[in-house]
Amino acid sequence: MANLWSGRFAGEPDKAVFDWGKSLSVDRRLFDDDVTGSQAWAEALGRAGVLSEEDARTIHRGLEAVREEVHASPAMMADAADEDVHAFVERQLVARVGEPGRRLHTGRSRNEQVSLDFRLYLRRRIPLLQQRIADLVQAFVDQAERAGGAVMPSYTHLRRAQPVLTAHVWMSHAAALRRDAARLETARDECDLMPLGSGAIAGASYAIDTAWLASRLGFTRVTTNSIDTSGDRDFVASFLYACALAMTHLSRLAEDTILFTSEEFGFFELADEVATGSSLMPQKKNPDPMELVRGKAGRALGLLSGWLATMKGLPLGYNKDLQEDKSLAFEAEDTLAGCLATATAVVRTLTPRPDRMAQAASGLLLATEVADYLVGRGVSFRTAHEITGRIVRDLYEAGRDFSSLALSDWRRYDARFDESVLRAVTAEAAVAAKRTPQSTAPEAVAAAIRETRDWLDAVRR
Ligand code: ARG
């Protein structure tokens, strides 16, 4: 089978080497975008007077027929021997419409064609990832609402820090995932430049109306420099970065879920449907799905660093190295989509154990409340910290906590304690005492839930 460039060569390419360099098995995902872009290019050539109206129409219809046929029998493309999706589409077109099809590539290069196709692809696929993020955020919000006034410890250095509403913990994951949706939007915006007219590297010698072509293809801008366009895959790096950071957040969620459902923490029970057993130890209920999410995050970070490493050594303009971008980006996309769905299934079905959480949220992690209590009675924070530290040290040594102190015990440390201290030093009081909008105060968390529900409505619209 002749390929798109055989004229210059006396013989056939080495079959093994040619087959090894083919990308159709990967870039076939760009098929629809290639057809869409080629139809628009034919129209642009017609408008520029390069193609007759009739040829432009013939090409357009021919491409539509190719699209329909491939949709009806995908094996047609799966079994094809073409070098890449662009060669496949052109060969199919020429097979259908003959000579006019051989005029389609006038003034166009695969260098800009692949840039166009990939931009179109990411522009239509990123919203699907954002919808999956919304599904997970929805699961967080639902858990947060169900948690009501339940309290649990928050951790810094993985040591108990301060009591917080369980709902606040859920909403913290929601906050990170919303940044991921926004970051994907930024990557999508970076794809929003129409590259055609760049030619192979120097531009086109035909008066193509690139502004018209951009709006015809749903872009708001046109790329500004043909050399830069030819070798620019920054938008791929941005997409991989957005995926890598989203995967990082999912990995941290996975880690929290694995810890909090363990015997040691026991704050949540993992649903049977999303757990696995051990072939040897009958008692085991393992969190495999979340461990896989955590594991796949490592790979997703590698996709980004691998791509940056590929780009860094390239001279200006298109280089075939750039062909590697598709498999990395598709893997990132599939990984993120799969992990989001799995994380959503796990989060949705977690059963809280409020008794265990409340128990862990009592005790010495209320020390900040004791210090704040003294500050409320005019003591400087540093002095309050020292007094409280002494109480903590004594209690720790005695294996007790604040709840074991009678008023007389408190007053032995400082006369400014009165009977109100017995009510102030509880997890519930600690949570209710917070005053800032990003805090775990019940009103603040309720407002965050409301605001996130509004965000969900907007994203789903
Ligand atoms: N399959 C190629 C890629 O993905 C398309 C561009 C090929 N251009 C070329 N001059 N060989 O990058």
Side-chain angles (χ1 to χ4, degrees), residues 1-9 12-38 40-41 63 66 70 77-78 80-93 104-125 190-191 193-205 223 226-240 303 306-334:
M1 184 179 72
N3 53 50
L4 295 175
W5 34 260
S6 28
R8 188 237 175 274
F9 295 90
E12 291 287 304
D14 180 287
K15 183 160 170 11
V17 173
F18 181 80
D19 286 351
W20 176 80
K22 284 196 306 202
S23 59
L24 182 59
S25 62
V26 173
D27 60 26
R28 45 188 282 207
R29 283 211 209 186
L30 302 179
F31 169 75
D32 268 300
D33 308 292
D34 199 72
V35 171
T36 303
S38 295
W41 181 247
L63 285 166
V66 173
V70 168
M77 185 159 52
D82 300 272
E83 184 182 0
D84 57 26
V85 68
H86 322 294
F88 170 78
V89 170
E90 193 173 321
R91 184 171 63 80
Q92 293 296 330
L93 174 69
L104 168 64
H105 210 54
T106 313
R108 185 176 70 161
S109 159
R110 278 185 298 161
N111 298 351
E112 52 180 347
Q113 200 178 343
V114 70
S115 168
L116 173 75
D117 293 1
F118 209 4
R119 289 166 187 270
L120 287 171
Y121 176 86
L122 290 172
R123 282 187 63 69
R124 69 185 168 83
R125 299 290 295 188
E190 212 178 320
C191 297
L193 290 108
M194 200 288 296
L196 296 185
S198 300
I201 186 159
S205 310
T223 59
S226 63
I227 300 174
D228 175 53
T229 301
S230 171
D232 168 28
R233 294 294 182 279
D234 291 2
F235 63 96
V236 179
S238 295
F239 175 69
L240 290 170
L303 297 172
W307 182 238
L308 294 175
T310 295
M311 288 205 304
K312 72 170 264 303
L314 298 184
L316 278 179
Y318 178 82
N319 296 271
K320 188 77 166 190
D321 317 43
L322 295 177
Q323 177 167 285
E324 292 300 304
D325 62 352
K326 261 83 68 197
S327 64
L328 297 178
F330 295 156
E331 183 181 336
E333 180 194 5
D334 294 348

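First listed ligand is number 1; within each ligand, the first listed atom is number 1.
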Please assess Arg29 against Glu333 for the test side chain to side chain contact (heavy atoms under 4.5 Å, CB included), listing each intermediate value before the final yes or no. CA-CA 12 Å; Arg29 283 211 209 186; Glu333 180 194 5; 3.4 Å; yes
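Annotation: ring pair (Phe, Tyr, Trp, His ring centres under 6.0 Å) contacts of Tyr121 (sequence neighbours excluded): Phe330.
Residues Lys326 and Ser23 form no side-chain contact, since every pair of their non-hydrogen atoms from C-beta on lies 4.5 Å or further apart.
Ser38 places a side-chain N or O within 3.5 Å of a backbone atom of Asp34 that can act as its donor or acceptor partner. Between the side chain of Asp321 and the backbone N or O of Thr310 there is no donor-acceptor pair closer than 3.5 Å. In terms of modelled atom types and a separation under 3.5 Å, the side chain of Trp307 and the main chain of Asp325 share no donor-acceptor contact.
Sorted by chain and number, the residues within 4.0 Å of ligand 1 by heavy atom are Ser23, Asp27, Asp84, His86, Arg110, Asn111, Val114, Tyr318, Lys320, Gln323, Lys326.
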